Amino acid sequence: MRGSPGRFFVAFGVVALFGSGPLASVGEAQVKRTKIEEERLVPPYSLPDPLKMEDGSPVADAAAWREKRRPELMRIFEREVYGRTPIGRPEAMRFELIEEKADALDGKATRLRVAVLFAGKADGPKMELLVYLPNAVKGKAPMFLGLNFQGNHATSRETDIPVPTHWMRAPKGSPNRASEATRGAAAGRWQYEYAIDHGYGVATACYNEVEPDENGRAADGVRSLAPPRGESDWGAIGGWAWALSRALDYLETHPRVDARRVVLIGHSRLGKTSLWAGAQDERFAVVVSNDSGAGGAALSKRIFGETVENLTTAFPHWFCPRFKTYADHEEKLPVDQHQLIALVAPRPVLIHSATEDLWADPKGEFLAALAADPVYRLLGAGGIAHRTQPKPGEYSHGTVGYFLRPGKHDVTLEDWKSYVAFADAHLPK
């Protein structure tokens with residue numbers, strides 16, 4: 001069945017086609033959209049051309065992309081999806097070294113704990129940055145940088161990293177605080193020793209300290225530093241992305257860090273964050289998005305897995321208020337996620353998916369990477385190496401990289417091996 005702008009909806013064993021108006025009914029029952037995780041049910045869609053201006057004029061060369069189309073796309077994403085980030089680096093922001101341990105990870109690394117005081121005050125918005133630097137590297141080391149979910153203590157099995165006291169997202173009915181029981185719980189997702197052994201440092205902070213991941217908590221995080229901006233007010237993803245740039249501000253000050261070679265990483269909602277941060281801040285040399293799905297690397301107009309409706313219902317605080325107007329109306333979105341990936345160009349970008357993570361739409365993530373390819377080609381930066389989705393475990397390490405890992409929604413050693421290989425291949429020498 002086809003229609004324009006029709007959609008497939010599946011309910012009560014019935015497949016029906018509807019336009020963009022109110023849902024019709026099947027008998028006495030109201031038909032509601034449910035998740036689509038079968039290719040045969042994906043309705044037709046079309047993507048906006050990344051190399052065509054809003055007025056329809058073509059983008060013929062790199063100068064037109066840089067001076068006209070890229071700024072235009074940035075404005076649209078700010079207005080319609082993530083909101084406008086209204087502040088840069090605050091003048092009052094300062095850093096405080098809390099701890100330096102020269103023999104961390106059995107002597108392989110120097111560990112730092114650094115307070116990033118966004119407004120210059122200990123009682124204002126802040127984050128604690130956990131940094132591991134490889135002791136075997138003489139001179140400046142390249143870095144991986146990303147936010148974590150459960151607190152810095154959860155990323156490492158070292159027992160002397162304090163349990164944080166800030167708000168922590170927890171299952172319903174549980175205290176929203178970290179505990180000793182979660183120490184090392186996310187160590188598998190943060191392969192510090194693997195990175196260190198390959199000559200890379202790693203830096204992280206907890207996203208919940210930047211801003212609690214709960215609707216209505218903007219006043220308790222970095223978004224409190226700027227007044228609301230109406231329908232295009234920045235969402236929590238914008239706040240978390242902004243904090244990553246402030247972490248890079250710190251890394252630029254450290255004599256053992258090569259700030260020209262910082263790889264930005266993120267998983268799930270923080271993969272969405274890494275893409276938006278990488279689009280906004282061109283200091284990041286490489287951007288990695290892992291299982292980021294809808295609102296991240298996966299195409300919005302391709303209705304598969306998580307949708308704009310799912311996002312804006314469950315997590316309205318992640319995006320600007322205007323984004324919710326596209327719930328069940330993705331065909332009206334003036335942009336799509338391939339254009340977000342293209343905003344990273346000409347810098348390398350790596351998109352990671354997982355075979356069992358259908359909610360994040362692995363094929364839609366690959367198709368977004370593929371649709372970003374023309375921008376990279378226009379800029380003379382290479383592009384994607386595969387024209388069809390690679391098989392599970394098959395690396396595609398073009399400037400637009402893609403990797404489909406067997407398994408579930410997670411970050412594993414296999415992912416880190418790909419991160420390091422991609423960084424080795426694409427970081428400036």
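Note that the coordinates shown come from a computational prediction; the quantities given were computed from them, not determined experimentally.
Side-chain contact, Thr155 with Asn152: no donor N or O sits under 3.5 Å from an acceptor N or O. Between the side chains of Thr204 and Tyr132, not a single donor N or O lies within less than 3.5 Å of an accepting N or O. Between the side chains of Thr85 and Gln280, a donor-acceptor pair is found at a separation under 3.5 Å. Of the N and O atoms on the side chains of Tyr402 and Gln389, at least one donor lies less than 3.5 Å from an acceptor on the other residue.
Atom-to-atom distance recorded for Asp357:CG and Ser268:OG is 7.5 Å, nearest 0.5 angstrom. Here the CG-CG distance, from Asp249 to Leu251, works out to 9.0 Å after rounding to the nearest 0.5 Å. To the nearest 0.5 Å, the span separating CG on Asn208 from CZ on Arg169 amounts to 8.0 Å. Here the straight-line distance linking atom CG of Leu145 with atom CG of Leu264 works out to 6.0 Å at 0.5 Å rounding. Atom CE of Met74 and atom CG of Leu343 lie 6.0 Å apart (nearest 0.5 Å). In this structure, CZ in Arg377 is found 7.5 Å from OG1 in Thr399, a value given to the nearest 0.5 Å.
Scanning both residues, Phe144 and Ala195, for their nearest heavy atoms gives CD1-CB, 4.4 Å. Nearest heavy-atom pair, Leu404 versus Pro390, reported as atom, atom and distance to 0.1 Å: CD2-O, 3.8 Å. Minimum heavy-atom separation, Gly407 to Ala354: O-CB, 3.5 Å. Residue Trp167 comes nearest to Asp213 through the heavy atom pair CZ3-N, 3.4 Å, listed as atom of the first residue, atom of the second, then distance. Across Pro142 and Leu427, no two heavy atoms sit closer than the pair CB-CD1, 3.9 Å. For the residue pair Ala241 and Thr273, the shortest heavy atom distance occurs at N-CG2, 3.5 Å.
Evaluation of the salt bridge (charged side-chain N to carboxylate O under 4.0 Å, His left out) rule for Asp258 yields Arg260, Arg261 as partners, not counting sequence neighbours. For Ala154, the side-chain contact (heavy atoms from CB on, under 4.5 Å) partners are Gln150, Ala186, not counting sequence neighbours. Shown here are the side-chain contact (heavy atoms from CB on, under 4.5 Å) partners of Glu180, two or more places apart in sequence or in another chain: Val163, Arg183.
Here the side chains of Val411 and Trp190 are not in contact, with every heavy-atom distance at 4.5 Å or above. At least one side-chain heavy atom of Arg111 sits less than 4.5 Å from a side-chain heavy atom of Ile161. Put simply, the side chain of Pro125 reaches to within 4.5 Å of the side chain of Ser224, judged on heavy atoms. A 4.5 Å side-chain heavy-atom check between Val257 and Tyr250 finds every atom pair outside the cut-off. Using a 4.5 Å cut-off on side-chain heavy atoms (C-beta onward), Pro50 and His338 make contact. Residues Met168 and Ser179 are not in side-chain contact: their nearest non-hydrogen atoms beyond the backbone lie 4.5 Å or more apart. Residues Val308 and Asp328 are not in side-chain contact: their nearest non-hydrogen atoms beyond the backbone lie 4.5 Å or more apart. Looking at heavy atoms from C-beta onward, Ser396 lies out of side-chain contact with Phe366 at the 4.5 angstrom threshold.
Sorted by first and then second residue, the side chain to side chain donor-acceptor pair (under 3.5 Å) pairs with a member in residues 226-242 form an empty list; sequence neighbours excluded. Applying the side chain to side chain donor-acceptor pair (under 3.5 Å) definition to pairs two or more places apart or across chains, those involving residues 416-429 are Tyr200-Asp424, Asn290-Tyr419, His352-Ser418.
Judged purely by atom type and a 3.5 angstrom limit, Gln339 has no side-chain atom pairing as donor or acceptor with the backbone of Leu73. Between the side chain of Asp373 and the backbone N or O of Ile384, at least one donor-acceptor pair lies under 3.5 Å. At distances below 3.5 Å, at least one donor-acceptor pair connects side-chain atoms of Arg177 with backbone N or O atoms of Thr165. Side-chain atoms of Asp281 come within 3.5 Å of backbone N or O of Arg283 as a donor-acceptor pair. Side-chain N or O atoms of Glu193 include none that pairs as donor or acceptor with a backbone N or O of Leu105 at under 3.5 Å. Between the side chain of Arg405 and the main chain of Asp410, a donor-acceptor pair closer than 3.5 Å is present. Within the 3.5 Å criterion, the main-chain N or O of Tyr194 finds no donor-acceptor partner in the side chain of Asp197. Between the side chain of Ser274 and the main chain of Val288, a donor-acceptor pair closer than 3.5 Å is present. Using a distance-only test at 3.5 Å, with no hydrogens or angles considered, no donor-acceptor pair links the side chain of Lys35 to the main chain of Glu306. Checked by atom type and distance alone, the side chain of Arg302 never pairs as donor or acceptor with a backbone atom of Lys363 at under 3.5 Å.
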Anything under 3.5 Å between a donor and an acceptor, one on a side chain of residues 75-84, the other on a protein residue two or more places apart or in another chain? List them.
unit_1: Glu80; atom_1: OE1; unit_2: Tyr326; atom_2: OH; d: 2.7
unit_1: Tyr82; atom_1: OH; unit_2: Gly295; atom_2: O; d: 2.8
unit_1: Tyr82; atom_1: OH; unit_2: Gln337; atom_2: NE2; d: 3.1

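Glu394 and Lys391 are not joined by a salt bridge, as no carboxylate oxygen comes within less than 4.0 angstrom of a charged side-chain nitrogen. Looking at Glu282 and Arg66, a side-chain N of the basic residue comes within less than 4.0 Å of a carboxylate O on the acidic one, giving a salt bridge.
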*Determine, step by step, whether Glu72 and Met53 satisfy the side chain to side chain contact (heavy atoms under 4.5 Å, CB included) criterion, reporting the C-alpha distance in whole Å, the side-chain angles of both residues, the deciding distance to 0.1 Å, and the verdict.*
CA-CA 8 Å; Glu72 180 180 74; Met53 300 290 293; 3.5 Å; yes
*Go through the steps for Arg113 and Glu128 under the test salt bridge (Lys or Arg N to Asp or Glu O under 4.0 Å), then give the verdict.*
CA-CA 7 Å; Arg113 292 172 48 227; Glu128 182 174 309; 2.7 Å; yes
*What's the verdict on side chain to side chain contact (heavy atoms under 4.5 Å, CB included) for His254 and Leu133, showing C-alpha distance, side-chain angles and the deciding distance?*
CA-CA 10 Å; His254 200 285; Leu133 300 171; 3.5 Å; yes
*Test log, rule side chain to side chain contact (heavy atoms under 4.5 Å, CB included), inputs Phe304 and Leu299*: CA-CA 9 Å; Phe304 188 104; Leu299 294 170; over 6 Å; no
*When you look at Glu330 and Tyr45, which way does the side chain to side chain contact (heavy atoms under 4.5 Å, CB included) test go after all the steps?*
CA-CA 9 Å; Glu330 289 89 347; Tyr45 63 92; over 6 Å; no
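Geometrically, Arg269 engages Phe315 in a cation-pi contact, judged by NZ or CZ lying under 6.0 Å from the ring centre and within 45° of the ring axis.
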